[in-house]
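Residue numbering restarts at 1 for every chain, and letters A, B, ... go by the order of the sequence lines.
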Amino acid sequence: MKHWLMKTEPDAFSIDDLERVGTEPWTGVRNYQARNFMRQMKPGDPVLFYHSSCKVPGVYGLAEVATVPYPDPTQFDRKSPYHDPKSTREQPRWELVDVRFVRRLEPPVTLATLREHAEDLEGLKLLERGSRLSVQPVTPHQYRRILALSR
DNA sequence: GCCAACGTTGGC
DNA sequence: GCCAACGTTGGC
């Protein structure tokens with residue numbers, strides 16, 4: 001079982017939204033590295049749900065992978081902002097998984113807190129300089145450490 | 001294959 | 001709003 005961190009801009013889709021809908025197809029990822037990580041996902045994999053580009057960036061909740069990877073339907077939709085003209089049904093480029101709400105983190109673990117514990121979180125991609133990857137793996141150790149910071 | 005230009009991400 | 005860092009595009 002692998003552990004993951006997934007970023008979202010809460011103005012677009014927040015932990016509140018995930019709690020409300022329960023399960024959400026993670027559409028719109030158009031970065032090959034992120035896609036490749038989603039391809040490795042398995043149902044039940046734990047996910048740290050991270051809010052970015054907001055007042056207090058941080059991990060706001062826990063989610064889990066709800067499906068196996070499958071083609072992102074928005075790539076075929078000409079009206080979608082995520083439409084990819086180079087994708088075909090026969091040869092899709094982009095895959096996604098559904099993400100299921102597990103629980104909120106009260107309190108959330110802010111980016112500032114993560115930085116304070118950077119030594120314990122060695123190798124966490126989120127803390128690496130210039131890291132913009134929206135889907136990234138975390139080690140079981142990092143996952144546990146981050147959970148423990150929510151209090 | 002190189003690399004400049006451009007667009008995007010995301011913290012501050 | 002600024003700007004550093006990164007990924008992608010496209011001319012050559």
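In this structure, Met6(A) atom CE and dG10(B) atom P are separated by 13 Å, rounded to whole Å. Counting to the nearest Å, the C1' atom of dG10(B) and the NZ atom of Lys55(A) are 17 Å from each other. Put simply, CD on Gln33(A) is 19 Å from P on dT8(B), counting in whole angstrom units. Put simply, CZ on Arg93(A) is 10 Å from P on dT8(C), counting in whole angstrom units. Taking atom OH on Tyr32(A) and atom P on dT9(B), their separation rounds to 15 Å, with Å as the unit. Between Lys125(A) atom NZ and dC6(C) atom C1' there is a gap of 15 Å when expressed in whole angstrom units. One can place CG of Asn31(A) at 19 Å from P of dG7(B), the figure rounded to the nearest angstrom. Atoms CD (Gln136(A)) and P (dT9(B)) sit 15 Å apart, rounded to a whole Å.
Not counting sequence neighbours, the partners of Tyr60(A) by the ring pair (Phe, Tyr, Trp, His ring centres under 6.0 Å) test are His51(A).
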Show your reasoning for whether ring pair (Phe, Tyr, Trp, His ring centres under 6.0 Å) applies to Tyr50(A) and Trp4(A).
-> CA-CA 10 Å; Tyr50(A) 180 88; Trp4(A) 309 97; over 10 Å; no

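Distances from the side chain of Ser52(A) to the nucleotides dC12(B), dC6(C), dG10(B) place dG10(B) closest. Proximity note for Leu111(A) (side chain, C-beta onward) versus dT9(C), dG11(B), dT9(B): the nearest is dG11(B).
No contact: Arg30(A) has no heavy atom under 4.0 Å from any strand.
Under 4.0 angstrom from either OP1 or OP2 of dT9(B) there lies no side-chain N or O belonging to Tyr50(A). Between Lys7(A) and the phosphate of dT9(B), there is no side-chain N or O to OP1/OP2 separation shorter than 4.0 Å. Within the 4.0 Å cut-off from OP1 or OP2 of dG7(C), not a single side-chain nitrogen or oxygen of Arg35(A) is found.
In summary, of the residues considered (Leu18(A), Val65(A), Val21(A), Thr23(A)), a side chain to side chain contact (heavy atoms under 4.5 Å, CB included) with Arg100(A) occurs for Thr23(A) alone.
Arg30(A) and Asp72(A) get closest at one heavy-atom pair: NH1-OD2, 3.0 Å.
Taking the six-membered ring for Trp and the full ring otherwise, the centers of Trp94(A) and Tyr32(A) sit less than 6.0 Å from each other.
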